[in-house]
Amino acid sequence: MGCTDIKRIDNSRLRIPRGYKPEMRTDGLIFVDSLLEQFLEQGAIEQVANVASLPGIVGMSLAMPDIHTGYGFSIGGVAAFDIDEGIISPGGVGYDINCGVRLLRSDLHKNDLLPRIKDLVEALYKEIPAGVGSKGRIKLSSADERGLLRKGAKWAVENGYGSAADLECIESGGCIDGADPELISDKAYERGRQQQATLGSGNHFLEIQYVDHVYDDAAASAMGLREGSITVMIHTGSRGFGHQVCTDYIQIMAKAAPKYHINLPDKELVCAPFKSSEARQYLSAMRAAANYAWANRQCLTHWTREVFMNYLSISPSALGMSLVYDVAHNIAKVEEHVINNKKKKVVVHRKGATRAFPPDHPELPDKYKKIGQPVLIPGDMGRLSFVMTGTQQAMDETFGSTCHGAGRLLSRHEAIRRAKGRAIWREMQDRGVIVKSTGRETLAEEMPEAYKDISEVVNVVHNADISKKVASLKPIGVVKG
DNA sequence: ATGTAC
């Protein structure tokens, strides 16, 4: 009827019109089909609308099909703001700054590994520190840590963790410029010093998988993926370090919003004008946390290769474990996008969303110029994960972004309640997945039924053409926090 | 996600 009703545009898109809430400056757009629409939370819709009311928003307030309610901004949200008139908001990035995923391919076949998978998972579990508050194997001095914050994965490679070739296959080369170690609190330094090169907890994991199905031969071949070949996926972020940075800057920005007369529909949306000193400081600290996460995934990669080589008694070349790609799922970046036929710099917030740049984009390494940026989308530990590629449609419609995962279906609490009296590890084993975790509660929170079906989520973004399916990956061994 | 409430 009126211009205040949510309206389905097509099979993949739902519009939240500007009139839905009086303070909205632009429309909201949620990528969901009618199947996933039934799981759409009212709170998440409100959050998309709230983000649409922030100053300087460019284009629409967007959300991906894995949307759910988060801190201020929904998880699965994408929003871009004008450099001159817009804002930056820590809630638009989230607490786990540069939580992200990397995928390693190998020359192993699943048949090489299946008979010995249990011991291999045990071996990985022994070498990869995991769990809440777990401490790392690397002893960092404060000076080391400052270098790491500036250099990210480059620091890891310089210190013997992996090779220079790895860096080419990481978003932003695994090192984002403009990180400032001076803007980090002592508390963050202390947490970060102990936790570098650890997996963490919750939905973070290290997973041994095999390529289940190839949808796009050319793209899969460019990534070195063949049906049956073994891959490893690592999902982790900036641990307590990024959490502390977010906490510190939410406090700082709580004062900034009233100072700059920004009207907030929800106080969790605390932000500051992009050009303000508070915003510049947050951006520099956030970049340090992003680099921390890239170093983290790089160090864990090194140990993963070591465990595989030692366990199988094979050489690096026989293993062939190279990095396919590494993406950030929680980050704010200054990027150039075409808006109304004009190139414009904007600050893109991706919170539970993946960059999905198209073929020929200058930020892509040569080997992916033809196919577009690899997009890595982890599912739950029982079903599948997906590899996709970025598209021009994403560039035109979503600031070069797509979904990031399955999205929770049950709250952690509800999942634990439903898992009472069950042995999730055994249920997983019966499904052909060997799982090793620090605690049974983590397994309960992370059991497959706690998540939406990743295949349904991926179908929406594939059909909307904001990324294209390349391959599905089936888990066979999982290390969890 | 998180020294899962300073």
Side-chain angles (χ1 to χ4, degrees), chain A residues 43-44 47 66-77 89-102 129-136 140 184-207 233-251 254 268 285-286 288-290 292-294 296-297 300 327-332 349-354 378 380-381 404-417 419 437-447 450-451 479-481:
Chain A
Q47 291 185 327
D66 45 342
I67 180 172
H68 52 115
T69 314
Y71 183 88
F73 290 59
S74 70
I75 295 156
S89 173
V93 174
Y95 275 90
D96 193 358
I97 296 166
N98 193 4
C99 181
V101 182
R102 65 167 49 188
V132 184
S134 57
K135 300 194 175 153
L140 290 177
I184 302 300
S185 68
D186 292 344
K187 234 178 181 175
Y189 265 107
E190 189 50 27
R191 291 176 78 174
R193 208 169 53 72
Q194 301 182 42
Q195 296 187 352
Q196 176 56 217
T198 61
L199 193 58
S201 178
N203 66 0
H204 291 164
F205 63 76
L206 186 150
E207 197 168 281
M233 187 174 266
I234 299 174
H235 180 202
T236 184
S238 50
R239 308 284 289 104
F241 181 86
H243 194 276
Q244 191 62 49
V245 168
C246 183
T247 303
D248 292 342
Y249 280 89
I250 280 175
Q251 261 180 31
E268 293 184 355
M286 186 221 68
Y292 185 97
W294 273 313
N296 189 18
R297 294 196 284 275
L300 297 184
V327 292
H329 282 165
N330 287 356
I331 201 163
H349 294 61
R350 295 190 184 93
K351 181 188 190 178
T354 315
D380 64 74
M381 62 188 174
H404 88 305
R408 290 201 82 85
L409 197 56
L410 306 179
S411 69
R412 291 169 196 273
H413 182 79
E414 177 64 11
I416 290 168
R417 198 187 66 76
S437 170
T438 54
R440 50 178 291 130
E441 288 226 322
T442 304
L443 282 188
E445 291 173 0
E446 294 298 312
M447 63 183 177
Y451 284 90
V479 175
K480 298 277 304 176

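These numbers come from the heavy atoms of this one structure, side chains and all, not from hydrogens, waters or symmetry mates. Lettering of chains follows the sequences in order, A, B, ..., and the numbering in each one begins at 1.
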Asks: With a non-hydrogen cut-off below 4.0 angstrom, is A/Glu445 in contact with a base, only sugar-phosphate, or nothing?
Replies: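 The residue A/Glu445 makes no contact with any strand.
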
Asks: To the nearest Å, give me how far apart CD (A/Gln244) and P (B/dT2) are.
Replies: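 Computing the A/Gln244:CD to B/dT2:P distance gives 13 Å.
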
Asks: Is it the case that the side chain of A/Arg412 and the backbone of A/Glu441 share a donor-acceptor pair, with hydrogens and angles ignored and the cut-off at 3.5 Å?
Replies: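 Side chain of A/Arg412 to backbone of A/Glu441, a donor-acceptor pair under 3.5 Å: no, none is there.
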
Asks: Please confirm whether the backbone N or O of A/Gly76 pairs with a side-chain atom of A/Lys351, one donor and one acceptor, at under 3.5 Å?
Replies: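 Judged by distance alone, no pair lies under 3.5 Å.
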
Asks: Using a heavy-atom cut-off of 4.0 Å across all strands, would you classify A/Gly237 as base, sugar-phosphate, or nothing?
Replies: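 It contacts nothing in the nucleic acid.
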
Asks: Mind telling me whether A/His235 and A/His329 have parallel, tilted or perpendicular rings, with 30° and 60° as the class edges?
Replies: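 Rings of A/His329 and A/His235: perpendicular, as their planes differ by over 60°.
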
Asks: Within this structure, what is the CD1-to-P distance between A/Ile416 and B/dT4, rounded to whole angstrom?
Replies: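 My rounded result for the distance is 14 Å.
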
Asks: Report the distance from atom CZ of A/Arg408 to atom C1' of B/dT4, rounded to the nearest whole Å.
Replies: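 Taking CZ of A/Arg408 and C1' of B/dT4, I get 13 Å after rounding.
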
Asks: Write down the distance between CZ (A/Arg412) and C1' (B/dT2), rounded to a whole number of angstrom.
Replies: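 Going from CZ in A/Arg412 over to C1' in B/dT2 covers 9 Å.
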
Asks: Touch check for A/Ser201, heavy atoms < 4.0 angstrom, all strands: base, sugar-phosphate only, or nothing?
Replies: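 Sugar-phosphate, backbone atoms only, no base.
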
Asks: Whole Å only: how far is the NZ atom of A/Lys480 from the C1' atom of B/dT2?
Replies: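 Distance, rounded to whole Å: 15 Å.
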
Asks: Between B/dT2 atom C1' and A/His204 atom NE2, what is the distance in whole Å?
Replies: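 Nearest whole value for this atom pair: 10 Å.
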
Asks: Measure from OH on A/Tyr95 to P on B/dT2 and round the result to the nearest Å.
Replies: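 In whole Å, B/dT2 P and A/Tyr95 OH are 13 Å from each other.
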
Asks: Does a salt bridge link A/Glu414 with A/Arg417, judged by any charged N lying under 4.0 Å from a carboxylate O?
Replies: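 Here A/Glu414 pairs with A/Arg417 in a salt bridge, since their nearest N and O are under 4.0 Å apart.
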
Asks: Can you tell me the distance, in whole Å, between the CD atom of A/Glu441 and the P atom of B/dT2?
Replies: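 To the nearest whole Å, that distance equals 15 Å.
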
